[in-house]
Amino acid sequence: MVVFKEQLKQKILQILKELAQRKGLDPEGIRAEHLSVENPPKPELGDLAIPLFPFAKVFRMPPQTLSSLVGEELQQKDSLPEGIDRFSIVGPYLNIFLNRSLVTGLLFQQIRTEGDRFGSSSILSSKRIMVEFSSPNTNKPLHLGHLRNDALGESVARILRFSGATVRTVDLINDRGIHICKSMLAYQELGHGRTPEDEGLKSDHFVGKYYVLYNELAKRDPEAEDRARNMLVKWEQGDPEVRLLWEKMNRWAIEGIKRTYERTGIHFDQFYFESEVYLKGKEEVLKGLEKGIFYQEADGSIWVNLEDIGLDRKVLLRSDGTSLYVTQDIGTAISRYKDWPFDVMIYVVASEQNYHFKVLFSILERLGYEWAKNLYHLSYGMVNLPEGKMKSREGTVVDADDLLDELTEMAKEEIRTKEREGEVGDLEGTAGKIALGALHYYLLQPSPSKDIVFNPRESLSFTGNTGPYIQYTGARICSMVRKLDEVPQVKERTGKPSDLNTGEEWELVKLLFEFPAMVEQSAISYNPSLLANYLYEVSKTFSRYYHEHPILFAENPDVAASRVQLSRCVLQVLKNGMHLLNIPFLEVM
RNA sequence: GCGCCCAUAGCUCAACUGGAUAGAGCAACUGCCUUCUAAGCAGUAGGUCGGGGGUUCGAGUCCCUCUGGGCGUACCA
């Protein structure tokens, strides 16, 4: 479809320039960027639309006169360019009707040859892109906020890879700091050496339990905070006992978190640990001080002044010489570039840190790193509850595993209600995939920048504009394809594009042909929501068609075979798109 | 105070990045399962795109301003 649009654009541009020349106007006044090829709002209007408003002024004539003029030129000597059947002039719009069988044939062929690669491209083939996401703390299990982060990061990585980029996904595990010591302290004082197995808890939940216990403890014992702080000091000094405890609890936390990743289909190429990199930025800051990029206050603290670019002054090293969050991020960015030189580095981090990343990127640029301008903060909105923000201390967080369990249970119930346990076979596995589909679609469908409100009652739905609806569309097509054996006269035929004559079929063909452009747009804007909404549109369009027209049992076996072929195209696009959104594909549900 | 983000149907979200009559889902009401899976399809109802200015052939989309909300603005991470 992109090809047609581009060809048409060139053709119209040429016509406009010739027209201008003939009228003694300067053809340079016709600018390519003013010319757009759009999709008309109603299919009856045409397949492609060219608004001619922008050129009315240059030609000093009403746009509708201009559009008829361009139309006449397009049709010179009774022959329209290849692929274009006819055109119509509706006011200022020049609407183009494409040759349906030609376009349909092209789609069939392209999907058949490309299969799982349909929609992929090489637009980013020269790029090495690092994507950092998730970044969990090791004092508690993952929650709904992480799930949005993970869904975005994983999906963006897949989309970029599909667009030809060499992608490396990395996870920076925050395994150090006062919050970690808090759960350690509670365990030391209240744990009695128990293990997750003793309590029958998933290991990260076990650790999280002690973080909650710490907060209860701190309420009745004001000195708990001091003891936690003391533990952090000991940790930094390398106290063997504290380190042992730290290692044990981190192992539990990380093992549990990794199990959740596995469950949600999240993959990382490399893990970084804050405990190993948190000292790295210090010497960079000292170097910057020497070069005069930073300055030192009387108390010894080191600062950067970013007021000239509308930001504030920022401390980079404390007066006692220890480093801060930014310091560490400066260090890790530099060492990552050394590890794996990238063209683009994407940080998937919530919007609350917008300012932090502005500061970080400016500092790196100031330090003279060329690649700093290729750092990108993929910021996304918060996940709130109807009653407000999630707060781990107040126990209002939605736990990731619990949420998935609940969704899985609901999906199982749904399968049982529909009495489809027999067909489905693996009840647990299928329900789990439906749960993931529902979750990932729910999290990826809104634009990343928007805050979302998670209302458990309303959000956990499998009907309407949801992941399972898309999965269901795919499963129904699969089921239909399986039934091909029952109609051998259809099975042995191959479809012909010219057999597809309904408006719904043509709508589908055009929509499916937009898929590669959708992927490309999602890739360059790092925005999976475009794809999510597109897949819904495809499912919706197919469901309507499927309901209106018999496919396997169409009156004519040739028509039936062609419809099957079209359905297979829909299936392929759904499959490819779902993979990019990390929504499991289901043959049966 | 200052900075960034957000505001579209009762609720949750779209709108091809400035184009034709602003679309879906949920919730409500009404039809459709002896017919390729009813997790579906069709219909009814629901809108001064937060208010006001401006830019232009044309604005939900860009600019200004006001209002309301979120997040920042730490020698926390």
Side-chain angles (χ1 to χ4, degrees), chain A residues 36 38-42 45 49 51 53-54 56-57 62-63 90-93 95 135 137 174 176-179 274 297 299-303 310-312 314-320 322-326 328-329 350-356 358 379 381-382 384 386 389 411 414-415 417-418 420 423 434 438 442 445-447 449-455 458-459 461-466 468-469 471-473 475-484 486-487 514 517-518 521 525 529-530 532-534 536-537 540 543-544 546-554 560 563-564 567 588-589:
Chain A
S36 57
E38 296 161 1
N39 298 332
K42 297 263 183 204
L45 290 168
F53 302 100
K57 214 172 209 171
V90 183
Y93 290 93
N95 292 332
S135 313
N137 291 319
N174 300 116
R176 173 210 82 86
I178 187 69
H179 51 297
E274 192 188 333
E297 289 283 354
D299 63 3
S301 56
I302 298 175
W303 296 68
L311 303 174
D312 293 315
K314 177 83 196 165
V315 192
L316 301 178
L317 275 184
R318 294 192 185 96
S319 46
D320 65 5
T322 58
S323 43
L324 294 97
Y325 180 43
V326 237
Q328 173 188 318
D329 271 4
S351 60
E352 38 185 5
Q353 295 198 35
N354 285 355
Y355 182 74
H356 168 76
K358 267 193 197 171
S379 163
M382 315 293 298
N384 294 316
K389 208 179 163 176
E414 194 77 25
I415 293 168
T417 310
K418 295 180 193 310
R420 291 195 54 81
E423 282 96 330
I434 293 168
Y442 175 76
Q445 191 257 347
S447 305
S449 67
K450 294 206 176 177
D451 289 353
I452 56 184
V453 177
F454 179 80
N455 185 330
E458 292 167 17
S459 306
S461 162
F462 298 151
T463 58
N465 189 352
T466 63
Y469 173 74
Q471 290 174 312
Y472 180 64
T473 309
R476 284 175 102 178
I477 298 174
C478 286
S479 161
M480 196 180 70
V481 169
R482 268 180 255 122
K483 288 207 168 130
L484 258 179
E486 294 171 21
V487 270
E514 295 286 345
M518 273 335 282
Q521 218 179 327
S525 58
S529 85
L530 301 174
N533 286 302
Y534 169 81
Y536 175 68
E537 187 67 30
K540 187 84 193 154
S543 295
R544 205 175 296 141
Y546 177 84
H547 189 263
E548 302 258 326
H549 303 281
I551 295 177
L552 290 180
F553 307 107
R563 289 180 175 176
V564 168
S567 306
V588 183
M589 70 185 274

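Numbers restart at 1 for each chain; the letters A, B, ... are given by sequence-line order, proteins then strands.
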B/U17 glycosidic torsion: syn (within 90° of 0) vs anti =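 What B/U17 shows is a syn base, its glycosidic angle lying within 90° of 0.
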Glycosidic conformation of B/C6, taking syn as within 90° of 0 and anti otherwise = anti
Using a cut-off of 4.0 Å on non-hydrogen atoms, how would the nucleic acid contact of [X] be classed: base, sugar-phosphate, or nothing?
{"X": "A/Ile452", "result": "sugar-phosphate"}
{"X": "A/Ser36", "result": "nothing"}
{"X": "A/Ala475", "result": "base"}
{"X": "A/Met589", "result": "base"}
{"X": "A/Ile551", "result": "base"}
{"X": "A/Pro446", "result": "sugar-phosphate"}
{"X": "A/Gln328", "result": "nothing"}
{"X": "A/Ala517", "result": "nothing"}
{"X": "A/Val487", "result": "nothing"}
{"X": "A/Ile415", "result": "base"}
{"X": "A/Pro62", "result": "nothing"}

Spacing of [X] atom [atom1] and [Y] atom [atom2] [to the nearest 0.5 Å]:
{"X": "A/Glu297", "Y": "A/Leu317", "atom1": "CD", "atom2": "CG", "value": "13.0 Å"}
{"X": "A/Ser351", "Y": "A/Asp451", "atom1": "OG", "atom2": "CG", "value": "6.0 Å"}
{"X": "A/Leu552", "Y": "A/Arg482", "atom1": "CG", "atom2": "CZ", "value": "12.0 Å"}
{"X": "A/Ile434", "Y": "A/Thr466", "atom1": "CD1", "atom2": "OG1", "value": "10.5 Å"}
{"X": "A/Asn384", "Y": "A/Ile452", "atom1": "CG", "atom2": "CD1", "value": "9.0 Å"}
{"X": "A/Leu45", "Y": "A/Asn39", "atom1": "CG", "atom2": "CG", "value": "11.5 Å"}

Return yes if the base of B/A20 and the side-chain atoms of A/Asn95 contain a donor-acceptor N/O pair under 3.5 Å, otherwise no.
->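 Such a pair exists between side chain and base.
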Report yes or no: is there a donor-acceptor pair, N or O only, under 3.5 Å between the side chain of A/Asn39 and the base of B/C16?
->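 Counting by modelled atom types and ignoring angles, a donor-acceptor contact under 3.5 Å is found here.
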Rounded to whole angstroms, how far apart are [atom1] on [X] and [atom2] on [N]?
{"X": "A/Lys314", "N": "B/G72", "atom1": "NZ", "atom2": "P", "result": "13 Å"}
{"X": "A/Glu38", "N": "B/A15", "atom1": "CD", "atom2": "C1'", "result": "13 Å"}
{"X": "A/Asn354", "N": "B/C4", "atom1": "CG", "atom2": "P", "result": "11 Å"}
{"X": "A/Gln445", "N": "B/A24", "atom1": "CD", "atom2": "P", "result": "14 Å"}
{"X": "A/Tyr355", "N": "B/C4", "atom1": "OH", "atom2": "C1'", "result": "11 Å"}
{"X": "A/Lys42", "N": "B/C16", "atom1": "NZ", "atom2": "C1'", "result": "16 Å"}
{"X": "A/Arg563", "N": "B/C36", "atom1": "CZ", "atom2": "P", "result": "16 Å"}
{"X": "A/Met518", "N": "B/A14", "atom1": "CE", "atom2": "C1'", "result": "11 Å"}

5' precedence on RNA chain B between A/Ile178 and A/Thr473 (nearest-nucleotide basis) = A/Thr473
When you match A/Pro54 and A/Glu352 each to their closest nucleotide on RNA chain B, which lands nearer the 5' end?
->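 Its nearest nucleotide being more 5', the pick is A/Pro54.
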For a quick test of reading the model: is some side-chain N or O of [X] closer than 4.0 Å to OP1 or OP2 of [N]?
{"X": "A/Lys450", "N": "B/A7", "result": "yes"}
{"X": "A/Ser351", "N": "B/C71", "result": "no"}
{"X": "A/Lys483", "N": "B/U37", "result": "yes"}
{"X": "A/Lys57", "N": "B/C57", "result": "yes"}

Parsed dot-bracket for RNA chain B after applying the Watson-Crick and G-U rules with both distances under 3.5 Å and | for other-strand partners is (((((.(..((((.....[...)))).(((((.......))))).....(((((..]....)))))).)))))....
Among [options], which nucleotide has an atom closest to any side-chain atom of [X]?
{"X": "A/Glu414", "options": "B/A39, B/U37, B/G72", "value": "B/A39"}
{"X": "A/Leu324", "options": "B/C75, B/A15, B/G19", "value": "B/C75"}
{"X": "A/Asp312", "options": "B/U73, B/C16, B/A14", "value": "B/U73"}

Determine the Euclidean distance between corresponding [atom1] atoms of [M] and [N]; express it in Å to zero decimal places.
{"N": "B/A39", "M": "B/C76", "atom1": "C1'", "answer": "46 Å"}
{"N": "B/C32", "M": "B/C49", "atom1": "P", "answer": "38 Å"}
{"N": "B/A9", "M": "B/G47", "atom1": "P", "answer": "10 Å"}
{"N": "B/C13", "M": "B/G50", "atom1": "P", "answer": "15 Å"}
{"N": "B/A22", "M": "B/G60", "atom1": "C1'", "answer": "8 Å"}
{"N": "B/C16", "M": "B/A7", "atom1": "P", "answer": "13 Å"}

Apply the test side-chain contact (heavy atoms from CB on, under 4.5 Å) to residues A/Tyr442 and A/Phe454: give CA-CA distance (whole Å), side-chain angles for both, the deciding distance (0.1 Å), then the verdict.
-> CA-CA 9 Å; A/Tyr442 175 76; A/Phe454 179 80; 3.6 Å; yes
Of all residues at least two apart in sequence or in a different chain, which pass the side-chain hydrogen bond (donor to acceptor under 3.5 Å, both in side chains) check with A/Glu38?
-> A/Ser36
Carboxylate-amine/guanidinium proximity below 4.0 Å for A/Arg420 and A/Glu423 | yes
Residues A/Glu548, A/Arg544: salt bridge by 4.0 Å N-O rule |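 Here A/Glu548 does not pair with A/Arg544 in a salt bridge, since their nearest N and O are not under 4.0 Å apart.
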Anything under 30° is parallel, anything over 60° is perpendicular, the rest tilted; go ahead and classify A/Tyr325 against A/His356.
->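 Correct class here is parallel.
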Is there aromatic stacking of A/Tyr536 against B/A24, centre distance under 5.5 Å, plane angle under 30°?
-> no
Give a yes/no verdict on base stacking between B/G58 and A/Phe53: centres under 5.5 Å, planes within less than 30° of parallel.
-> no
Listed pairs, N/O of protein and of nucleotides 40-45 of chain B, under 3.5 Å:
from  : atom 1 : to       : atom 2 : distance (Å)
B/G40 : OP1    : A/Gly464 : N      : 3.0
B/G40 : O2'    : A/Arg476 : NH1    : 3.1
B/C41 : OP1    : A/Tyr469 : OH     : 2.6
B/C41 : OP1    : A/Lys540 : NZ     : 3.4
B/C41 : O2'    : A/His547 : ND1    : 2.9
B/A42 : OP1    : A/Arg544 : NE     : 2.7

Pair A/Ser543-A/Tyr472, side-chain contact (heavy atoms from CB on, under 4.5 Å): steps then yes or no | CA-CA 10 Å; A/Ser543 295; A/Tyr472 180 64; over 6 Å; no
Indicate whether any N or O donor in one side chain lies under 3.5 Å from an N or O acceptor in the other, for A/Ser567 and A/Tyr546.
-> no
